[in-house]
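What follows is one structure encoded as structure tokens, with my remarks underneath.
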There are 2 protein chains.
Amino acid sequence: MDIQDSPFARKLAAFVQLSSADIGAMSDVYKRRRKVPVGRDMVYQGQKDQAAYIIASGWVCSYKMLPGGTRQIVDFQLPGDFLGLRSVLFRTADHNALPITPVEASEVLPEDLLNAFTATPRLATAVLWAASRDEAMVVENLVSIGRRTATERTAHFLLELGARLKLVGLADKTGYKCPLSQYLLADTLGLSAVHINRVLRELREENLLIFQGGRVTFLNFEAVVALADFDRAYLDHDGPLLR
Amino acid sequence: MDIQDSPFARKLAAFVQLSSADIGAMSDVYKRRRKVPVGRDMVYQGQKDQAAYIIASGWVCSYKMLPGGTRQIVDFQLPGDFLGLRSVLFRTADHNALPITPVEASEVLPEDLLNAFTATPRLATAVLWAASRDEAMVVENLVSIGRRTATERTAHFLLELGARLKLVGLADKTGYKCPLSQYLLADTLGLSAVHINRVLRELREENLLIFQGGRVTFLNFEAVVALADFDRAYLDHDGPLLR
DNA sequence: GGCAGAAGCTGCTTCAGGTTAGCCTTGGTG
DNA sequence: CACCAAGGCTAACCTGAAGCAGCTTCTGCC
């Protein structure tokens, strides 16, 4: 695939206008292609000198295990997303990452990344921006779990996922394909799988949205946005911020 | 104050060895000093073209308001911390920031920041590292609220705060000065103030720690670490990672 | 010195969400 | 084709934390 058509380049280009030098530096970073099967961790908590990845296709979830066997999913990585940036900067991974669909990803070695930053600071700024955007999502999830009810936070999360997928052309207002199980949803939202099931049933019975058969379908988008107090602006912006 | 003695420089220097050029660029960023009184927001959600700040002294809390008047505190900024980096990158603040003690901070204008990044990529990398470290803390908080009990997460948070303060010389194993009220603690941990009060009483009655009179005192540090499942490593590292 | 406001503290009641325990469907596999 | 493992679904019961209401400091201030 041409680097310029990759979801990653599309995402960064939304933030900075990249020069041909930037794109060249990105190609260096973006070469070692790997396929990863479902169900085996790509990154382990505590692992040293871990590579980072840029996701080309598929879904990955980043999570932390707790003693007692429970886990908290922190974020999902979708096509175009960076995985494990923090692990590279800290030299030790602080979480696990598990593909939940078959994944194609490019390995990014720490040296390549740091060299690219030194050679082309605009790229560094763009990556910083992308990282910030992901953090904004983690923050939103924190607010959800801390202060929203189970129904509100479920609705909020499904809207957010939709917004992210729309950015890479994988969703529209009517809904999107979603490979998540109710168990994954539960571990994301800090709920039990049983309770998630109750919540999804209620959302369905009130004609708000359907989570079924690997697909999320919005029956009444506006009502869901209102219920979740979803801020439409927080993922959007109006084009490159740096020229 | 000499730039090299600032808590900010000390923090960054723990990650990269900064050259004199880096320090020069940092001085440009780090000049407009401001004093901010307690109780008036420094940053408002939705505000455009907001400056960022580097905290020289005092405590700030970043929070999000929800309809219904509840709020979730997302993070605290302590001396040496960056405040509002995301607001600069996105050109719109996505949260509020409130000083909880009198604060001295240096204003950082978006141009200065981006110029400094272009001139000295090492500085950009260092700032990326610092931002990642803060995000790691938000993540830890997410895990706490999602999957830990009220007691565990309270203990965990107070340990984490201690670890951060130790980094800038404001805490030791016996405890630290802490200007937080039980209300702030509640809004951080996703609990009610009433319940926080009960939890703190239990921690006190079991001779684990005392949160009283603007001070946190650990009575049995090891037991608190065990209770909270606190990962001692996740804030530590062994010196500059980039040379 | 008395008042106001913030912070801390406690008991009682209520409820959101967890736990346990099954059942049903689907799809993969020896 | 029978078995079994995931995932989905539901009901009955339990509990941790919230909500409410009211009390006690402590501090600053007119």
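In the text below, chain A, chain B and the rest are named by the order of the sequence lines, each starting its count at 1.
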With respect to the phosphate group of D:dC9, does any side-chain polar atom (N or O) of A:Arg198 fall under 4.0 Å of OP1 or OP2?
no
Would you indicate what B:Ser181 reaches in the nucleic acid, counting non-hydrogen atoms under 4.0 angstrom: base, sugar-phosphate, or nothing?
sugar-phosphate
To the nearest Å, how far apart are B:Ile196 CD1 and D:dA18 C1'?
13 Å
Between B:Arg33 and B:Ala56 (side chain of the first, backbone of the second, donor and acceptor by atom type, cut-off under 3.5 Å), is there such a pair?
no
With a non-hydrogen cut-off below 4.0 angstrom, is A:Gly213 in contact with a base, only sugar-phosphate, or nothing?
nothing
Write down the distance between CD1 (A:Ile210) and P (D:dG8), rounded to a whole number of angstrom.
15 Å
Ignoring the backbone of A:Ala150, work out which of C:dG17, C:dG8, C:dT10 is nearest its side chain.
C:dG17
Which residue lies more 5' along DNA chain D, comparing A:Leu200 with B:Thr151 via nearest heavy atoms:
A:Leu200
Base, sugar-phosphate or nothing for B:Gly190? Non-hydrogen atoms, less than 4.0 Å.
sugar-phosphate
Once you round it to whole Å, what is the distance between C1' of C:dG17 and CD1 of A:Ile145?
14 Å
If you take all heavy atoms of B:Val143 and A:Gln72, which pair is closest and at what distance?
CA-CG, 3.8 Å
OP1 or OP2 of C:dC9 less than 4.0 angstrom from a side-chain nitrogen or oxygen of B:Arg201, does that happen here?
no
Tell me whether the OP1 or OP2 atom of D:dC9 has a side-chain N or O from A:Asn197 closer than 4.0 Å.
yes
Can you check whether B:Gln212 has a side-chain N or O nearer than 4.0 Å to OP1 or OP2 of C:dC9?
yes
Euclidean distance, atom OH of residue B:Tyr183 to atom P of C:dG8 [Å, nearest integer]:
7 Å
Note: B:Asp231-A:Lys64 ion pair, threshold 4.0 Å (strictly below):
no
Selection from C:dA21, C:dG18, C:dG11 that lies nearest to any side-chain heavy atom of A:Val194:
C:dA21
Write down the distance between CG (B:Leu189) and C1' (D:dA18), rounded to a whole number of angstrom.
15 Å
Whole-Å distance between C:dA6 C1' and B:Ile100 CD1?
15 Å
Between A:Arg147 and A:Leu180, who's closer to the 5' end of DNA chain D by nearest nucleotide?
A:Leu180
Rounded to whole Å, please give me the gap between CZ in B:Arg148 and P in D:dG16.
18 Å
Send over the distance from A:Glu205 CD to D:dT10 C1', rounded to a whole Å.
12 Å
How long is the span from the CG atom in A:Leu83 to the CD atom in A:Gln77, to the nearest 0.5 Å?
5.0 Å
Nucleotide nearest A:His195 (side chain, heavy atoms from C-beta), chosen from D:dC9, C:dG18, D:dA17:
C:dG18
Between A:Arg148 and A:Glu140, is there a salt bridge with N-O shorter than 4.0 Å?
yes
